[in-house]
2 protein chains.
Amino acid sequence: MNISAASQAAGLPVKTVRYYADIGLVQAPSRSDAGYRTYDDASVRKLVFIRRSREFGFSIDECRELLSLYQDQDRNSAEVKRIASRRLEEIEQKQRELQSLHDELAHLVKTCRGDDRPDCPIIDYLG
Amino acid sequence: MNISAASQAAGLPVKTVRYYADIGLVQAPSRSDAGYRTYDDASVRKLVFIRRSREFGFSIDECRELLSLYQDQDRNSAEVKRIASRRLEEIEQKQRELQSLHDELAHLVKTCRGDDRPDCPIIDYLG
DNA sequence: CTTGACCTTCCAGTTACTGGAAAGACTAGG
DNA sequence: CCTAGTCTTTCCAGTAACTGGAAGGTCAAG
């Protein structure tokens, strides 16, 4: 499988697949005589795993941890749960921040007439 | 006022204040004989305006827009409202994404025993 | 044999700063 | 006047995670 087939199968851009090999996230695949990267199903599965982990907002370094646990037949689930729980807390923190941001901004937008006059509570508040 | 006094007054790191002048977000301040940047109250007010806008998640380019409206005595509030409303929609979009992410991950964390056994629903789900 | 799609490497750019080095300026104490 | 310490300057590099593009090699079809 050449890189574009693998990237299609994994649901990632070609550039990203190459990038993941460059930074050693997935080990560099073998090469054809012409120097083309050739991927197998196992590599694609790892790429999919990474894509899904990234979609969950795990950083590349967290993906690295998760991936090694994914490949480790003797892993214990405590490790994985720890990483995921930490991520969950980050999400909850972000949600709280976003909520107060939302409420404040929504209030400002609501009280702004939005006409052609120069007085604007949003600007007043920011300044 | 030297840069550190201005940065204190504005609540921004010195580096950031310098950076904002470099990228032309605030016009470059005048210099002392020795080449030190000297800030006045008006500059500090603009820096505060930017800091607060950034805290609201406006990008640097949006801050640029808002700042020019802030300085424009003839601005109409419709423009400002438009920018803020767009930002509000982005926040709401992000909130929805974060919510579904949260629910999915919370479910996984909940169903993971987190013991020393190798089977782990989080890994199963990601892989 | 040529065309076009695909592949390679390498370099630069993105966002919004942040860290650090080297060197000049200013202030207070002795 | 000297020195120590703090402040300031510029410039270069790094962060995270890619993305875009150029220059050039490869492959399959017609």
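Proteins get letters first, then strands, A, B, ... in listed order; numbering begins at 1 in each. Side-chain atoms are counted along with the backbone in the values below, which use heavy atoms only and exclude waters and symmetry mates.
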Look at all strands and tell whether B:I3 reaches a base, only sugar-phosphate, or nothing, counting heavy atoms closer than 4.0 Å. sugar-phosphate

Out of C:dC10, D:dA17, C:dT8, which has the shortest distance to the side chain of A:K15? C:dC10

Between the side chains of B:E97 and B:Q93, is a donor N or O closer than 3.5 angstrom to an acceptor N or O? yes

For the pair B:R51 and B:E55, find out whether any cationic side-chain nitrogen is under 4.0 Å from an anionic carboxylate oxygen. yes

For the student: nearest non-hydrogen atoms of B:C120 and B:C112, plus distance: SG-SG, 3.9 Å

Between A:I23 (CD1) and D:dT15 (P), how many Å, whole number? 12 Å

What is the nucleic acid contact for B:R54, judged by heavy atoms within less than 4.0 Å: base, sugar-phosphate only, or nothing? sugar-phosphate

Got a sec? Which of residues 61-69 of chain A come in under 4.0 Å of DNA chain C, heavy atoms? none

Taking the side chain of A:Y36 as its heavy atoms from C-beta onward, which of D:dT9, C:dC17, D:dC27 lies nearest to it? D:dC27

Of A:P13 and A:S32, the one whose nearest nucleotide on DNA chain D sits closer to the 5' end is A:P13

Do any side-chain nitrogens or oxygens of A:Y20 fall under 4.0 Å of OP1 or OP2 in D:dC18? yes

Specify the separation, in whole Å, of atom CZ of B:R18 and atom P of C:dG20. 14 Å

Starting at CD1 of A:I50 and ending at P of D:dC18, how long is that distance when rounded to a whole Å? 10 Å

Can you measure B:M1 atom CE to D:dT8 atom P for me and round it to whole angstrom units? 12 Å

Under 4.0 angstrom between B:T16 side-chain N/O and C:dT18 OP1 or OP2: yes

Residues B:R86 and B:E89 bridged, charged N to O under 4.0 Å: no

Should the pair B:D119-B:R113 be classified as a salt bridge under the 4.0 Å nitrogen-to-oxygen rule? yes

Report yes or no: do B:L25 and B:L12 belong to one cluster of Ile/Leu/Val/Met/Phe/Trp/Tyr joined by side chain heavy-atom distances under 4.5 Å? yes

Between A:R37 and C:dT8, is there a side-chain N or O to OP1/OP2 distance below 4.0 Å? yes

Whole Å only: how far is the CD1 atom of A:I60 from the C1' atom of D:dA17? 6 Å

Once you round it to whole Å, what is the distance between P of C:dG24 and CG of B:N2? 19 Å

Selection from D:dC18, D:dT9, C:dT9 that lies nearest to any side-chain heavy atom of A:R31: C:dT9

Any side-chain donor-acceptor pair under 3.5 Å between A:T38 and A:S32? no

I need the OH-C1' distance between B:Y19 and D:dT15, as an integer number of Å. 13 Å

DNA chain C nearest-nucleotide lookup for A:G35 and B:A34: closer to the 5′ end is A:G35

Using the closest heavy atom to pick a nucleotide of DNA chain C for each, name whichever of B:F58 or B:D33 lands nearer the 5' end. B:F58

Under a 4.0 Å threshold between the charged nitrogen and the carboxylate oxygen, would A:E79 count as salt-bridged to A:R82? yes

Output the rounded distance in Å from CD (B:E55) to P (C:dA16). 15 Å

Under 4.0 Å from OP1 or OP2 of C:dC7: is there any side-chain N or O of A:S4 that close? yes

